[in-house]
There are 2 protein chains.
Amino acid sequence: MLRLSKLTDYATVILSFMAKNNERVCAAMELATATGIALPTVSKILKALVNAKVLISTRGAKGGYALATVPEKITVATIISALEGPIAVTECSISQQGCEQAAGCNISGHWNVINLAIYNALESVTLADMIKPQETLIPIASLYRLENHHVSQ
Amino acid sequence: MLRLSKLTDYATVILSFMAKNNERVCAAMELATATGIALPTVSKILKALVNAKVLISTRGAKGGYALATVPEKITVATIISALEGPIAVTECSISQQGCEQAAGCNISGHWNVINLAIYNALESVTLADMIKPQETLIPIASLYRLENHHVSQ
DNA sequence: TTTAAATAGGACTAAAATAGTCCCCAATTA
DNA sequence: TAATTGGGGACTATTTTAGTCCTATTTAAA
């Protein structure tokens, strides 16, 4: 299904909330309450986002988290990478030493093309876009193409 | 990491082999031998591809599997959908009834934009492309952007 | 008509990845 | 110095994925 993890999904919810309160420093507890996500989970996500330099943290009383930059500069690609590592659809795209199927497989170059296309798509949407009211909502009809290919497995 | 399943990866290897032997009907056993993937696993993948109408099967002695159409018409998006279901990065993109975070989350429309971008990328590469010798190999340098965002988690 | 070869379908087990929780430490402020 | 807040990492539980196996069905050929 080519799915993102739940944690990544949560991260966008948390970051969206923070973007709307742009100036403020938010404590993990506050974010947990605001989003309805359990505190330990929120903490885990925030730590990953700090490591990826998406957020800046302040320790101690009155501490908390704040966006490291403006929402316009935080891309979806960055958020996904922060929680899931590099964006690559196959293992062999990451480890440079090719796969065990080397005999039958010489298609890694093509996966790279696909990776790049996906990366560009993810890089083109920012946190600022995500908190916009959905004027840009796309017509339902165009989504049916996605469903057409579903096969119960 | 936004990763495809191993089975999907195997499927591209199997289909690539078949595309190169275009005319022939291949038995599961033959494909297992050619690709080095275990027979039961190959079988499972072939069944899914038949369900998705990517392959046509013939039962009985001298039976086997053949491509349902020319490699030019089999897209990566179709192959992925066959093994993993619809291409959608978040749960809420699939079930139309929104998520539990409804209060804090009104970004599903934006996920849909992302889904569509990814889908288009996957739809633009065909099985025929994948079996081409890699004249189109992209420069290593352009991939470094992907790695930059890696964060150990 | 029988036998062998092959797929269909689904149940089942094993392995791996993900999600979620918890604890103890470090830093900051009042 | 006490209270508050994040940092880091270990740990458990859950879910998903991978992989195997069994039985039925179909077909070609002996």
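Chain naming here is simple, since letters A, B, ... match the order of the sequence lines and numbering starts at 1 in each. Given the structure is predicted, the values throughout are model-derived calculations rather than measurements. For the numbers below, each heavy atom of this structure counts, side chains included, while hydrogens, waters and symmetry mates do not.
- When atom types are taken as modelled, the side chain of B/Glu84 and the backbone of B/Ser5 share a donor-acceptor pair closer than 3.5 angstrom.
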Write out a two-atom table: protein N or O, nucleotide N or O from nucleotides 14-16 of chain C, distance below 3.5 Å.
none

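- Regarding contacts with the backbone of D/dT20, a side-chain N or O of B/Thr41 is found under 4.0 angstrom from either OP1 or OP2.
- Between the A/Thr8 side chain and the A/Leu4 main chain, no donor and acceptor come within less than 3.5 Å of each other.
- Going from atom CG of A/Leu4 over to atom C1' of C/dT18 covers 13 Å, rounded to whole Å.
- Nearest heavy-atom pair across B/Val42 and B/Ala28 is CG1-O, 3.9 Å.
- Nearest-nucleotide mapping onto DNA chain D: of A/Lys44 and A/Gly60, the residue sitting toward the 5' end is A/Gly60.
- Qualifying side chain to side chain contact (heavy atoms under 4.5 Å, CB included) partners for B/Val125, counting only residues two or more places apart in sequence or in other chains: A/Ile114, B/Val76, B/Asp129, B/Met130.
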**Prompt:** Between B/Ser81 and B/Thr78, does a side-chain hydrogen bond (donor to acceptor under 3.5 Å, both in side chains) hold up when you go through it step by step?
**Reply:** CA-CA 5 Å; B/Ser81 305; B/Thr78 304; over 6 Å; no
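- Distance CD (B/Glu30) to P (C/dA6): 10 Å, rounded to an integer number of Å.
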**Message:** Apply side-chain contact (heavy atoms from CB on, under 4.5 Å) to residues A/Val25 and A/Tyr65 and explain how you reach the verdict.
**Reply:** CA-CA 5 Å; A/Val25 167; A/Tyr65 298 89; 5.8 Å; no
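- What separates CD1 of B/Ile45 from P of C/dT7 is a distance of 14 Å, to the nearest Å.
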What pairs of nitrogen or oxygen atoms, one from the protein and one from nucleotides 8-10 of chain C, lie under 3.5 Å apart?
residue : atom : partner : partner atom : Å
C/dA8   : OP1  : B/Ser57 : OG           : 2.5
C/dA8   : OP2  : B/Tyr65 : OH           : 2.8
C/dA8   : O4'  : B/Arg59 : NH2          : 2.5
C/dG9   : N7   : B/Lys47 : NZ           : 2.8
C/dG9   : O6   : B/Lys47 : NZ           : 3.2

